[in-house]
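Count residues from 1 along the sequence. Bear in mind the structure is a predicted one, so any value in this text is a computation, not a measurement.
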Amino acid sequence: QVQLVESGGGLVQAGGSLRLSCAASGNILKINAMTWYRQAPGNQRDLVATIISGGSTNYADSVKVRFTISRDNAKNTVYLQMNSLKPEDTAVYYCNAAISHKSSGNYYRYWGQGTQVTVSS
């Protein structure tokens, strides 16, 4: 069984910073892409940033420059450093990882439970 455990969400004033973490554990052979999504009430779940195993990254236009995604492969952990936060960044942030298992070469996508980020003005 694979578990994704998130941490780092909270309440911050506009202009502040937060760092989200998501650690994967369980039956893991390899992790390819690790991705952060976010969803505000009434909205769809949108991609924020993604990073593949080799380190290449991709960002939503709305967070470029302000956010940085990184990973620690030894810890099976992905991070999202969020700087210069704006009220429109308020959302539930979800971690997603593409993971293969020790008994199979197939990759499957797993979700974390989400962590609330609230930015006040």
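The closest side-chain heavy-atom distance from Thr90 to Glu88 is not below 4.5 Å. For the pair Leu85 and Leu18, the minimum side-chain heavy-atom distance is below 4.5 Å. Put simply, the side chain of Cys95 reaches to within 4.5 Å of the side chain of Val78, judged on heavy atoms. No side-chain heavy atom of Met34 sits under 4.5 Å from any side-chain heavy atom of Ile52.
The OG atom of Ser25 lies 8.5 Å from the CG atom of Asn76; values are rounded to the nearest 0.5 Å. One finds the OG atom of Ser62 at 4.5 Å from the CZ atom of Arg38 (value rounded to the nearest 0.5 Å). Distance CG/Asn27 to CD/Gln3: 12.0 Å, rounded to 0.5 Å. Rounded to the nearest 0.5 Å, atoms NZ (Lys102) and CG (Leu29) are 8.5 Å apart. The structure places CD1 of Ile31 at 10.0 Å from OG of Ser53, a figure rounded to the nearest 0.5 Å.
Here the shortest heavy-atom pairing between Ile51 and Ile69 reads CG2-CD1, 3.6 Å. What you find for Gln81 and Ser17 is that their closest heavy atoms are NE2-CB, 4.0 Å. Among all heavy-atom pairs drawn from Glu6 and Thr115, the shortest one is OE1-N, 3.2 Å. Listed here is the closest heavy atom pair of Ser100 and Gly105: CB-O, 4.1 Å. Closest heavy-atom contact between Tyr59 and Thr57: CE1-OG1, 3.6 Å. Closest heavy-atom contact between Gly112 and Leu4: N-CD1, 3.6 Å.
Clustering ILVMFWY residues whenever any of their side-chain heavy atoms sit less than 4.5 angstrom apart, transitively, puts Leu20 in the very cluster that holds Val119. Cluster membership for Leu47 and Trp111, using ILVMFWY side-chain heavy atoms within less than 4.5 angstrom, is shared.
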Q: In sequence, state the C-alpha distance, the side-chain angles, and the governing distance for Asn83 and Arg66, and then conclude on side-chain hydrogen bond (donor to acceptor under 3.5 Å, both in side chains).
A: CA-CA 5 Å; Asn83 299 325; Arg66 298 187 299 118; over 6 Å; no

Q: Would you check, one step at a time, whether the test side-chain contact (heavy atoms from CB on, under 4.5 Å) holds for Leu80 with Thr68?
A: CA-CA 6 Å; Leu80 186 67; Thr68 302; over 6 Å; no

Q | Pair Val117-Met82, side-chain contact (heavy atoms from CB on, under 4.5 Å): steps then yes or no | A | CA-CA 10 Å; Val117 172; Met82 305 185 294; 3.9 Å; yes

Q.
Please determine whether side-chain contact (heavy atoms from CB on, under 4.5 Å) holds for the pair Tyr107 and Ile99, giving the CA-CA distance in whole Å, both sets of side-chain angles, and the decisive distance to 0.1 Å.
A. CA-CA 5 Å; Tyr107 282 87; Ile99 297 172; 5.5 Å; no

Q: Would you check, one step at a time, whether the test ring-ring contact (aromatic ring centres under 6.0 Å, His included) holds for Phe67 with Trp36?
A: CA-CA 11 Å; Phe67 290 12; Trp36 288 99; over 10 Å; no

(Q) Quick one, Asp89 with Lys86, criterion salt bridge (Lys or Arg N to Asp or Glu O under 4.0 Å). Give me CA distance, side-chain angles, the key distance, then yes/no. (A) CA-CA 5 Å; Asp89 296 318; Lys86 305 174 180 180; over 6 Å; no

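Using a 30° and 60° split on the angle between ring planes, His101 and Tyr110 fall in the perpendicular class, above 60°.
At most 12 heavy atoms of other shown residues, nucleotides or ligands fall within 6.0 angstrom of atom CD in Gln113.
In this structure, Arg45 forms a cation-pi arrangement with Tyr94, its terminal cationic atom sitting closer than 6.0 Å to the ring centre and no more than 45° off the ring axis.
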